[in-house]
K.L.:
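Please see the structure below; I have some questions.
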Amino acid sequence: MIWWAILLIIFSALIVLLAAGVPVGFAFLAINIVCVYIMWNGLAGLNQLMLSIYGSVTIFSLLPVPLFVLMGEIIFLSGLAKKQLETIDAWLGRLPGRLSLVAVAGGTLFATLTGSAMGGCAMLGSTLLPEMESRGYKKSMTLGPIMAAGGLAIMIPPSALGVLLAALGNFSVGHFLVAITGPGILMAILYAVYIIVRCSLQPNLAPLYAPSRIPLSEKIRNTVIYIVPLAGIIFLVIGLVILGAATATESAAAGAVGCYVLVAAYGKLTWRVVKESFQATLRVTVMMFMILTGSTAFGQIMAFSGASSGLIQVVSGLDLPPIMIVFVMQMILFVMGCFMEPLSIMMLTVPIFYPIIHNLGYSPLWFGAIMLLNMEMATISPPFGLVLYVMKAVASTNTTMTDVYKSSLPFLALDWVAIVLIMVYPPFALFLPGLMSN
């Protein structure tokens, strides 16, 4: 059977299973079992599948995934977020869209402690939304900034999704975590500039109000107590990797220990927090690894059927500049992101896209940063982005899904601006990894 027919059958079967409500991990597992049984000589193929599954999750470079998830859970459950947001708010004065800027700044800060976009959105939404609404902020300046800022957790280390992408693409986890830092900061800057400009042009979206006067000494005191210690966690997660003093796994372990020490120092480390943080980490990690187990076998099936090499030949034969091929890939990812969650998209596309990227001669770190940004967009892309539904759950009862959808669109446009900037100027993603190499 020719490769494109096999590819069509596999994707059709997958769509049918997902439409029938089969969980993503089990849908991929079912496809893999059938394919290897038919293509790889029956029971011998199933034995090979078991070896592939075992090998895909017993990789040392995947150890940061549960550790990064654990960091986010302990910070979230300890309830430290509110004090940190109040400290950021005190420094912003009377800037246009002040509380929306607090959301972006808080999202950027929390992104250094948690790798979950949904967790970041829930944390920011439950903390900031009531105050925003009481101040007369319109929904476009409440829902949108909170969703976009929560998504920064995917782009700023520690990023569990970033670790999984590096593992799937078979490139350095440590270098990739450093590479996505620049794009993450770029996105936060774009969000902040947009909020300030739009609220200056349309003041009714975020009415100005006179914030309570807080003495400078108290601002400095709260910053030292609630913000400065987080710099230590950031150094443990990123600084040690940049300096070459630790691997990504070692820095993740140091960051997790650092988070527990920090929570204990604030007097928030209770048995309930410890227990629930481990339980939540176990649930999330098992879900991620269940989907990941099908990746190796899926890639092998693609190679064995000739689909990977066939797609490479088709793309290589297109009369397009290489950069346009990359842009077409991003369009495909964006459309998929409207209907599927990021892990599933990565599992489907990495075995297909990365051989093409290698063939075109592009840096896997650069393409990975762009692809991960696209996966962040998938979480806030109508109609099925997961963060959209988290936002609806924490928003007030008079908020409709239409309100949520409309609020996400400007920030999706800003994400596209970020993608184009990184494509045009690769040092946004490659400068910091270059320092490590040097």
Side-chain angles (χ1 to χ4, degrees), residues 104 107-108 111 117 144-145 147-157 159 161-162 164-166 168-169 171 175-195 197 315 318 320-343 345-346 348-350 352-354 356-358 360-382 385-388 407-433:
V104 173
T108 306
M147 288 187 290
L152 291 173
I154 291 176
M155 287 303 298
I156 297 178
S159 170
L161 206 61
L164 292 175
L165 178 54
L168 289 172
F171 52 88
H175 281 72
F176 187 57
L177 290 177
V178 174
I180 61 177
T181 304
I185 294 173
L186 172 65
M187 292 164 64
I189 293 173
L190 289 173
Y191 297 161
V193 170
Y194 166 76
I195 290 168
V197 171
V315 172
L318 292 175
L320 291 173
I323 195 67
M324 286 304 300
I325 294 175
V326 174
F327 187 78
V328 169
M329 290 179 180
Q330 299 312 310
M331 291 298 299
I332 293 171
L333 291 171
F334 177 72
V335 173
M336 294 177 72
C338 295
F339 305 98
M340 299 173 63
E341 50 86 28
L343 265 178
I345 299 170
M346 285 163 46
L348 275 171
T349 57
V350 167
I352 299 172
F353 284 179
Y354 261 88
I356 297 172
I357 290 300
H358 284 297
L360 294 175
Y362 285 120
S363 164
L365 295 177
W366 170 78
F367 181 78
I370 299 172
M371 184 173 182
L372 192 64
L373 201 165
N374 214 317
M375 295 302 93
E376 182 273 336
M377 294 169 66
T379 64
I380 60 171
S381 294
L386 296 178
V387 169
L388 300 174
S407 300
S408 71
L409 296 180
F411 293 91
L412 283 173
L414 292 172
D415 288 340
W416 270 114
V417 171
I419 284 180
V420 172
L421 288 175
I422 298 167
M423 290 177 66
V424 172
Y425 189 67
F428 276 124
L430 299 179
F431 175 73
L432 288 177

K.L.:
To the nearest 0.5 Å, how far apart are CD in Glu376 and CG in Leu412?
P.N.:
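Between Glu376 CD and Leu412 CG, I get 8.0 Å after rounding to 0.5 Å.
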
K.L.:
What's the spacing between Leu432 CG and Ile185 CD1 if we round to 0.5 Å?
P.N.:
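The CG atom of Leu432 sits 7.5 Å away from the CD1 atom of Ile185.
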
K.L.:
Could you list the residues that satisfy side-chain contact (heavy atoms from CB on, under 4.5 Å) with Ala192, not counting sequence neighbours?
P.N.:
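Ala192 satisfies side-chain contact (heavy atoms from CB on, under 4.5 Å) with Leu101 once adjacent residues are dropped.
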
K.L.:
Indicate the atoms forming the closest heavy-atom contact of Met155 with Ala369, along with that distance.
P.N.:
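Answer, listing the atom of Met155 first, then Ala369: CE-O, 3.9 Å.
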
K.L.:
Do Ile180 and Pro157 have side chains that get closer than 4.5 Å, going by heavy atoms?
P.N.:
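Answer yes - side chains close enough.
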
K.L.:
Has the side chain of Thr181 got a donor or acceptor atom that lies under 3.5 Å from a matching backbone atom of Leu177?
P.N.:
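Pair found, side chain donor or acceptor close to backbone of Leu177.
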
K.L.:
Report the residues that fulfil ring pair (Phe, Tyr, Trp, His ring centres under 6.0 Å) with Phe431, sequence neighbours left out, ordered by chain and then residue number.
P.N.:
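Counting only residues at least two positions away or on another chain, Phe431 forms no ring pair (Phe, Tyr, Trp, His ring centres under 6.0 Å).
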
K.L.:
Which distance, rounded to the nearest 0.5 Å, do you find between the CE of Met187 and the CD1 of Ile422?
P.N.:
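One finds 8.0 Å between CE of Met187 and CD1 of Ile422.
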
K.L.:
Specify the closest pair of heavy atoms between Ser363 and Leu430, including all atoms of both residues, with the distance to one decimal.
P.N.:
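Distance-wise, the nearest heavy atoms are OG-CD2, 3.6 Å.
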
K.L.:
Just wondering, do Ile357 and Val326 contact through their side chains at under 4.5 Å, heavy atoms?
P.N.:
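With C-beta onward as the side chain, the pair touches.
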
K.L.:
Can you tell me which residue among Phe327, Tyr354, Phe176 is in a ring-ring contact (aromatic ring centres under 6.0 Å, His included) with Phe367?
P.N.:
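Looking at Phe327, Tyr354, Phe176, the match for Phe367 under the ring-ring contact (aromatic ring centres under 6.0 Å, His included) is Tyr354.
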
K.L.:
Output all residues satisfying ring pair (Phe, Tyr, Trp, His ring centres under 6.0 Å) with Tyr362, sequence neighbours left out; order by chain, then residue number.
P.N.:
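If we apply the ring pair (Phe, Tyr, Trp, His ring centres under 6.0 Å) test to Tyr362, skipping adjacent residues, the hits are Trp366.
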
K.L.:
Please find the pair of heavy atoms, one from Met423 and one from Ile323, that lie closest to each other, and give the distance.
P.N.:
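Reported closest heavy-atom pair: CE-O, 3.7 Å.
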
K.L.:
Taking all heavy atoms of Gly184 and all of Ile156, pick out the closest pair and write down the distance.
P.N.:
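Closest heavy-atom pair between Gly184 and Ile156: CA-CG1, 3.8 Å.
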
K.L.:
State which residues pass side-chain contact (heavy atoms from CB on, under 4.5 Å) with Ala378; sequence neighbours excluded, sorted by chain then number.
P.N.:
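Ala378 satisfies side-chain contact (heavy atoms from CB on, under 4.5 Å) with Pro342, Ile345 only.
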
K.L.:
I need the minimum non-hydrogen distance between Met371 and Leu333, along with the two atoms involved.
P.N.:
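So the two residues come closest at CG-CD1, 3.7 Å.
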
K.L.:
Could I get the full list of side-chain contact (heavy atoms from CB on, under 4.5 Å) partners for Leu414, not counting sequence neighbours?
P.N.:
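Here the qualifying residues are Tyr191, Tyr194, Phe411.
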
K.L.:
Output the distance between atom CE (Met147) and atom OG1 (Thr379), rounded to the nearest 0.5 Å.
P.N.:
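Going from CE on Met147 over to OG1 on Thr379, the span is 9.5 Å.
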
K.L.:
Would you name the heavy atoms of His175 and Pro433 that are closest together and state the gap between them?
P.N.:
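Heavy atoms of His175 and Pro433 come nearest at O-CG, 3.7 Å.
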
K.L.:
Report the residues that fulfil side-chain contact (heavy atoms from CB on, under 4.5 Å) with Val420, sequence neighbours left out, ordered by chain and then residue number.
P.N.:
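Result, side-chain contact (heavy atoms from CB on, under 4.5 Å) vs Val420: Val424.
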
K.L.:
Treating Ser159 as the side-chain partner and Ile154 as the backbone partner, does any N or O pair qualify as donor plus acceptor under 3.5 Å?
P.N.:
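Looks like yes, one N/O pair under 3.5 Å.
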
K.L.:
Where the side chain of Thr108 meets the backbone of Val104, is there a donor-acceptor pair that is under 3.5 Å apart?
P.N.:
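Yes.
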
K.L.:
When you look at Met346 and Leu161, which way does the side-chain contact (heavy atoms from CB on, under 4.5 Å) test go after all the steps?
P.N.:
CA-CA 9 Å; Met346 285 163 46; Leu161 206 61; 3.8 Å; yes

K.L.:
Between CE of Met375 and CZ of Phe334, what distance do you get to the nearest 0.5 Å?
P.N.:
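Taking CE in Met375 and CZ in Phe334, the distance rounds to 10.5 Å.
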
K.L.:
With rounding to the nearest 0.5 Å, note down the distance linking OG in Ser381 to CG in Asn374.
P.N.:
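Output value for this atom pair is 7.5 Å.
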
